[in-house]
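First the structure, in the form of structure tokens, and then the observations on it.
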Amino acid sequence: MTSYLCKGNQSSMADQVKLHGTWSSPFVYRVIWALKLKGVPYEYVEEDLFKKSPLLQQYNPVNKKIPVLVHGGKPVCESMIIVEYIDQTWPHNPLLPTDPYEKAMARFWVKFAEDKGSIIGSLFRVSGEEHEKAIKESLEMLKIVEEHGLGEKTFFGGDKIGIVDIAFGAFSHWLGVIEETLGLELLQPNAFPRLHAWTKNFKEVPVIKDNLPDRDKMLVQLKGIREMYLASK
């Protein structure tokens, strides 16, 4: 992904939206999907995480991580906080339910994704007993989402993409690349039929389908990271 301006060059400084990210990050794509679903024009700025720019360090001095959304010169950090900020700032096509109970349930599953989703990301950073433990924990986490999170619905929120789908979006694309990198198949159709169907439904939505990182390029990157971690041990 390269730096580009989507549209809306004529907007005032107060309305300008910039997104600082890196091309392969599922956390960055959470924000991209939210902006695209809302139809919000934005400028994308690619960051080199090995040589963090002064702007990134200025906008996120606490942890110096991406993504960072800059709206009217004011930065917002952390992907799901940014997504909720977008939903509140541009309230059309809402991502959160309006019903208080349904909104609370959506926030519960977003927090679950934030707390447990990193287990899968850890798979290619560990080996031996730690790797076996990560596989077990990943399968337990997927089972919980399969049985209690998704239900019989097309998407987590019903018949259209909502904030919980965005939170779990990495399962739809990044998980498959991790599986291929490691020679695993965690999200088996027979074991997780609802989640498996959801990944297909999610990626078929045009906004999602048109905004995913290149799989082959990601595979090369993850294999390199995997080799680096194994070599360091």
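One is the number of the first residue; the rest follow in order along the sequence.
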Under 3.5 Å, is there a donor-acceptor pair between the side chain of [X] and the main chain of [Y]?
{"X": "Lys203", "Y": "His173", "answer": "no"}
{"X": "Asn93", "Y": "Lys38", "answer": "no"}
{"X": "Arg226", "Y": "Val126", "answer": "yes"}
{"X": "His20", "Y": "Glu47", "answer": "no"}
{"X": "Lys64", "Y": "Pro61", "answer": "yes"}
{"X": "Glu43", "Y": "Lys18", "answer": "no"}
{"X": "Lys36", "Y": "Asn211", "answer": "no"}
{"X": "Gln16", "Y": "Gly73", "answer": "no"}
{"X": "Thr22", "Y": "Ser25", "answer": "no"}
{"X": "Glu179", "Y": "Leu187", "answer": "yes"}

Path from [X] to [Y] over hydrophobic side-chain contacts below 4.5 Å:
{"X": "Val220", "Y": "Leu230", "answer": "no"}
{"X": "Ile166", "Y": "Phe108", "answer": "yes"}
{"X": "Ile119", "Y": "Met80", "answer": "no"}
{"X": "Met218", "Y": "Phe27", "answer": "no"}
{"X": "Phe168", "Y": "Met105", "answer": "no"}

Over all atoms of both residues, closest heavy-atom pair of [X] and [Y]:
{"X": "His131", "Y": "Leu123", "answer": "CD2-O, 3.0 Å"}
{"X": "Val17", "Y": "Pro41", "answer": "CB-O, 3.7 Å"}
{"X": "Trp23", "Y": "Tyr44", "answer": "N-OH, 3.6 Å"}
{"X": "Cys77", "Y": "Asn60", "answer": "SG-CG, 3.5 Å"}
{"X": "Gly169", "Y": "Ser172", "answer": "O-OG, 2.6 Å"}
{"X": "Gly121", "Y": "Ile178", "answer": "CA-CD1, 4.5 Å"}

- CD/Glu129: more than 12 non-hydrogen atoms of other groups inside 6.0 Å: no
- Should the heavy atoms of other residues, nucleotides or ligands under 6.0 Å from NZ of Lys116 be counted, would the total exceed 12? no
Check whether any side-chain heavy atom of [X] sits under 4.5 Å from a side-chain heavy atom of [Y], and report yes or no.
{"X": "Thr181", "Y": "Val177", "answer": "yes"}
{"X": "Lys153", "Y": "Arg194", "answer": "no"}
{"X": "Trp174", "Y": "Leu212", "answer": "yes"}
{"X": "Pro67", "Y": "Leu19", "answer": "yes"}
{"X": "Phe192", "Y": "Val145", "answer": "no"}
{"X": "Pro193", "Y": "Glu146", "answer": "yes"}

- Task: Assess whether side chain to side chain contact (heavy atoms under 4.5 Å, CB included) is satisfied between Leu69 and Leu35, documenting all intermediate values.
- Result: CA-CA 10 Å; Leu69 185 82; Leu35 290 168; 4.2 Å; yes
- Verdict with supporting geometry, Glu114 and Arg30, salt bridge (charged side-chain N to carboxylate O under 4.0 Å, His left out): CA-CA 12 Å; Glu114 294 288 82; Arg30 286 171 167 179; 2.6 Å; yes
Could you measure the distance from the [atom1] atom of [X] to the [atom2] atom of [Y]? Nearest 0.5 Å is fine.
{"X": "Leu186", "Y": "Ile135", "atom1": "CG", "atom2": "CD1", "value": "6.5 Å"}
{"X": "Lys223", "Y": "Leu182", "atom1": "NZ", "atom2": "CG", "value": "10.5 Å"}
{"X": "Ser24", "Y": "Leu49", "atom1": "OG", "atom2": "CG", "value": "7.5 Å"}
{"X": "Met141", "Y": "Ser118", "atom1": "CE", "atom2": "OG", "value": "8.0 Å"}

- Show your working on side chain to side chain contact (heavy atoms under 4.5 Å, CB included) between Gln188 and His196 and close with a plain yes or no. CA-CA 7 Å; Gln188 297 182 23; His196 194 268; over 6 Å; no
- Message: What I want to check is whether the side chains of Tyr85 and His71 have a donor and an acceptor closer together than 3.5 Å.
- Response: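 Yes.
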- Item | Candidate pair Glu84 and Gln88, rule side chain to side chain contact (heavy atoms under 4.5 Å, CB included), full reasoning | CA-CA 6 Å; Glu84 192 156 345; Gln88 292 175 352; 3.7 Å; yes
- Output, in order, the C-alpha distance, side-chain angles, deciding distance and verdict of side chain to side chain contact (heavy atoms under 4.5 Å, CB included) for Leu142 and Ile120. CA-CA 10 Å; Leu142 290 172; Ile120 288 177; 4.3 Å; yes
Please list every donor-acceptor pair under 3.5 Å in which a side-chain atom of residues 156-165 meets a protein atom from a residue at least two apart or in another chain.
from: Asp165; atom 1: OD1; to: Phe156; atom 2: N; distance (Å): 3.0
from: Asp165; atom 1: OD1; to: Trp198; atom 2: NE1; distance (Å): 2.8
from: Asp165; atom 1: OD2; to: Gly162; atom 2: N; distance (Å): 2.9

- Item | Parallel, tilted or perpendicular: ring planes of Tyr29 versus Trp33, cut at 30 and 60 degrees | tilted
